[in-house]
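Take a look at the structure set out below.
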2 protein chains.
Amino acid sequence: MSHTLGIRQAQKQKTRQALLDAALGLLEHQSLSSLGLREVTRAVGVAPAAFYRHFKDTADLGVALVEEALGSLHETIRAAIVTTGGSDERIDRAVDLIAAHVRAHPAHVRFIARERHGGVAPVRAAIGVQLRRFADEVAEALGADPESGGWSAADLRMLAGVYVDHMVMTASAILEAGAGADGDEEAAARRAEEAVLATARRQLRLVTLGRRHWLD
Amino acid sequence: MSHTLGIRQAQKQKTRQALLDAALGLLEHQSLSSLGLREVTRAVGVAPAAFYRHFKDTADLGVALVEEALGSLHETIRAAIVTTGGSDERIDRAVDLIAAHVRAHPAHVRFIARERHGGVAPVRAAIGVQLRRFADEVAEALGADPESGGWSAADLRMLAGVYVDHMVMTASAILEAGAGADGDEEAAARRAEEAVLATARRQLRLVTLGRRHWLD
DNA sequence: CCACTCAGTAAACAGCTGTTCGCTGATTTT
DNA sequence: AAAATCAGCGAACAGCTGTTTACTGAGTGG
């Protein structure tokens, strides 16, 4: 789509991506707040000073990770939104999409869940902005649904917030379920994950029922 | 209620509490994962080595903080549970209780929200256990409610989970609302907090509606 | 072809970290 | 009154941290 960037810029972006990937890996067992610059460069195999060619901070790197992580989530959300059919089918599909997303990008999901309320203010803010954007998008889609006739914009926004929050919580819960029995008991992990999905479906059904009787 | 402990043990517990308080203060702007042992002792005005007389780790200190923070929350939850009256009154009271709790223990709420998905495994586990305990308690109370006739134990547990999760999320949102416009604009902070509370009430009303029509 | 740009290097800086050691002196126990 | 306990101290340890510096050498554009 664009100017094939020179081999120099290509190499630079490759290193940048390597830094992001290494950081994401290191963040599996710690918070961004304690991620060291040297730690990241060491994992990539690059001099500490090279870090400054790409980011000014580990917080800066964190913000870049937010873009990456929520960029992929955005596609999943759009896919869930455009789903048609009865409410049960839509719920099943939404939960399946979330589960698939967690399976495809576990580190991204962990990062968002961990840093959403984390100790690094710019990262928290970036996540907040994006999630609010998602909620606006969902609210707009809900407004287009004939089932939402008579709903105020504020109520639609409130409902959308419930859906987005529930999605993030569910994604994190799926992750925990997989990590809890990891190692020798893969079957137990599968069962725990299925239990999380079943609960998530029931919770969505509860919300959908409330939605249906909102205007009484 | 107990043996008046000697002046030695009293002094020890005083130092221990000072360490906990100092840590809680330092955790306003960072995650437990990056909290240093020396940092805490320096804030208290005590030698680094003294730390080991009370905790073996900062993770260990974190677990102690979980007990403290969720101990106070537990009382608030019990107060919310025993509330009687129509559903709207119960919702208003529950939201008011949460708001009061956040005002009384902001650092505790921040700690729990931050470390619930944080980078320190033992602390995450401790929070998970306690929140699950709270949910069980809520589920039991819901089961005693005549409005829950015909509900399965699993469904009651699912509903309780929604309530507990929503409470934690709301508490954290109240905190953010207060911090967002802090400093020169106290009026704006009040308005932002009231908006959060209004949304929380509507969300609870939505869930209550779903609950009422669950058995259709 | 040649001047220039600039991603990544190696070294050095002061300052921080967790942990261990033997010690002190007030409190407790015998 | 003598003996034992033990919370807190101060010093030392190796190893880590972020940041700056002058540098190299491959890639670029006129």
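Lettering of chains follows the sequences in order, A, B, ..., and the numbering in each one begins at 1.
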(message) Can you tell me which residue among B:K14, B:R53, B:H54 is in a side-chain contact (heavy atoms from CB on, under 4.5 Å) with B:L19?
(response)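 Filter result, single survivor: B:H54.
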(request) Going by the side-chain contact (heavy atoms from CB on, under 4.5 Å) test, name the single residue among B:L65, B:L32, B:T58 that passes it with B:V123. (result)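 Answer after filtering B:L65, B:L32, B:T58: B:L32.
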d([atom1], [X]; [atom2], [N]) in whole Å:
{"X": "B:L37", "N": "D:dG8", "atom1": "CG", "atom2": "P", "value": "14 Å"}
{"X": "B:Q13", "N": "D:dC6", "atom1": "CD", "atom2": "P", "value": "15 Å"}
{"X": "B:F51", "N": "C:dG18", "atom1": "CZ", "atom2": "C1'", "value": "10 Å"}
{"X": "B:Y52", "N": "C:dC21", "atom1": "OH", "atom2": "P", "value": "12 Å"}

(request) Between A:A47 and B:G36, name the one whose nearest nucleotide on DNA chain C is closer to the 5' end. (result)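 On the 5' side of the pair lies A:A47.
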(message) Counting C-beta onward and ignoring hydrogens, is there a side-chain heavy-atom pair between A:L24 and A:R110 closer than 4.5 Å?
(response)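 Sidechains of A:R110 and A:L24: no contact.
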(request) For the residue pair A:T41 and A:V44, establish whether any side-chain heavy-atom pair is separated by less than 4.5 Å. (result)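 No, every pair of side-chain atoms sits at 4.5 Å or beyond.
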(request) Describe, in one word, how the ring planes of A:F55 and A:F51 are oriented to each other, choosing from parallel (under 30°), tilted (30 to 60°) and perpendicular (over 60°). (result)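 Aromatic pair A:F55/A:F51 classed tilted.
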(request) Could you label the plane-to-plane angle of the B:H108 and B:H105 rings as parallel, tilted or perpendicular, counting under 30° as parallel and over 60° as perpendicular? (result)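 Ring orientation, 0 to 90° scale: parallel.
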(request) Report, as a single string ordered 5' to 3', how protein heavy atoms within less than 4.0 Å touch nucleotides 23-30 of chain D: B base, S sugar-phosphate only, - not at all. (result) ---BBS--
(request) Describe the nucleic acid contact of B:R16 in one word from base, sugar-phosphate, nothing, applying a heavy-atom distance below 4.0 Å. (result)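 Here B:R16 touches no strand at all.
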(message) Need one value for B:A50: base, sugar-phosphate or nothing, where a base atom within 4.0 Å counts as base even if backbone is also close, heavy atoms only.
(response)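 Sugar-phosphate contact only - B:A50 comes under 4.0 Å of backbone atoms but never of a base.
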From the list [options], which nucleotide is the closest neighbour of the side chain of [X]?
{"X": "A:R38", "options": "C:dT9, C:dA12, C:dT19", "answer": "C:dA12"}
{"X": "A:V46", "options": "D:dT19, C:dG8, D:dC9", "answer": "C:dG8"}
{"X": "A:K12", "options": "C:dA10, D:dG10, C:dA7", "answer": "C:dA7"}

(message) Would the distance check show the side chain of A:R124 and the main-chain N or O of A:H117 forming a donor-acceptor pair, the cut-off being under 3.5 Å?
(response)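 Flag not set: sc A:R124 to bb A:H117 has no pair under 3.5 Å.
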(request) Verify, without hydrogens or angle tests, whether A:R114 (side chain) and A:E28 (backbone) share a donor-acceptor contact under 3.5 angstrom. (result)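 Yes.
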(message) For DNA chain C, report each stem as range with range, ordered by first number, or say none. Use Watson-Crick or G-U wobble pairs under 3.5 Å, at least 3 in a row.
(response)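 Stem list for DNA chain C: C:1-12 with D:19-30, C:14-17 with D:14-17, C:19-30 with D:1-12.
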